[in-house]
Amino acid sequence: MIDLIIDRATVLTMEDCVGYLNDASIGINDGKIIFIAEQNEDISNKYKAKEYISGKDKLIMPGLIDAHMHTEISIFRGLAQDLNNWMEIGLWPFSQHLDPKAAEAAIRLNIMEAVKKGTTTIGDFGSEIDLIANTCQNFRVRGVIAKTINEIDKENPVEPGQLYNFNYKKGKRELESALNIIEKYKGDDLLDFNLGPQALDMVSLDLLKEIYKQAKNFGLQIHMHVAQGDREDWQIKKRYGDRTIPFLDKNDLLGPELRAVHLTEATPEETRLLAESGAALTICSGSIGIIDGLVPPLLEFLEVSDRISLGSDQAPGNNCNNMFNEIKLTSLFNKIKRSDPTTLNAGRVLQFATSKAAESLNISDKVGSIAPGKEADLLFIDLKSPALTPVINSPLRNIVSNLVYSASGEEVESVMISGEFIVKDNKFLPADEDEIINDANQEAKRLMAKVDRDWLQDKSPLFKLQEKGYL
Ligand SMILES: [Zn+2]
């Protein structure tokens, strides 16, 4: 007797491209997928289950992997877009006031938002990783978590246009703290960790080499922002007389252990160099589109390697953490970039949020597709949603295209992680939704009282837009 059979559903296994099955049943026991069988196979003699769920009008597919998020700053959602200098002018006036209490409210809000829209693996990158890991544990949500490690000395700030002051001891402390927290959660099946040097311009070469050494010791992936903007470009040129990717290459820091995020400013040649090293790439189309007005060089990377995943990045300027948005924008932006509608077809881009993402994050033994032995991280999608109607199976199927180009995440009715429902019939089960929302609103209000209004009035283009009536 097994725990559960999902009976006669439409399934995308995401094995062998999308792995479409018209009428299939999925057996789950002890949180894992036991079998997937089409109706011409007789499973009723072989398996009995404690519970049966009808798959009628449901699409079952693997949970989505959001490979790069900053959940703790979702408290600043929508405060930094439509401007230049996103970090200095957009984010920092607000984020300098973030404290653990507000961070926790933000983490809870953002994870709930993501999961309700179909994300089952939270690829978080933040400073409060104990809170992130704890929230994932409490919500029973899968996490691949990296603690931000940087050496920028907050005691000795610099003016824009100067090299950052590094404090090696601070960076070393952050690395040690990351390793301690990883040790603390060791053995938790839902949690994996990366090491997260923030970016090449924010850590010294010595510390970066130390981080790579520790990553190798503990078998951890390096999750790092790479070539992420003109600010980094300027710092690397000034400090080393070089560019990020060639400099990493010269120092033996490009390789399969690295998962690079963004590549906003990378040239096609640099992108190919990164791909040839075996490194993985995470692309955040929505975020980089909004904060930089650019389309990162994903297509050049794909000429060499398909170690690709997608990330929703951060809510101050994206402004949502919704993988359906990322999947659609990634396909669309790259079609537009190449003036070619055949670029990144729907099934291909869906792989970047499921099977290919799992391979890139080194978690494909557990998730990314529906196959016996893998964790039951599954989405139950309502095929009777207006955005997915009509469902056509012959002579041409339309489910995958509608999922990618029409769905918004609202169609995700239930979400299962390791065989357990986290969202059931659109209701988030691990915590009170209203409480999470109210808490986030309250914490945001508390932080906003600390923000320097005069500075904003003087410096922020958004403040001026607001005065003109555009906000
Ligand atoms: Zn980021």
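Each ligand, and each atom within it, is numbered from 1 in the order the structure gives. For clarity, every value in this text was computed on a predicted model and none was experimentally measured. Position 1 is the first residue of the sequence; numbering continues from there.
Ring centroids of H225 and H223 are separated by 6.0 Å or more, keeping the two rings apart.
Taking the N/O/S atoms of D313 in turn, the shortest distance to the Zn ion (ligand 1) belongs to OD1.
The existence of a salt bridge linking R446 and E443 is confirmed by a sub-4.0 Å separation between a basic side-chain nitrogen and an acidic carboxylate oxygen. Ion pair K117/E410 flagged as a salt bridge, since at least one NZ, NE, NH1 or NH2 atom sits closer than 4.0 Å to an Asp/Glu carboxylate oxygen.
Put simply, H262 stays out of reach of the Zn ion (ligand 1), with no N, O or S atom under 2.8 Å from it. Taking 2.8 Å as the criterion, C284 does not count as a coordinating residue of the Zn ion (ligand 1), since none of its N, O or S atoms falls below it.
Note: angle at the Zn ion (ligand 1), from NE2 of H68 to NE2 of H70, is 100° (rounded to 10 degrees).
With F166 as the aromatic partner, R239 meets the cation-pi criteria of under 6.0 angstrom to the ring centre and within 45 degrees of the ring axis.
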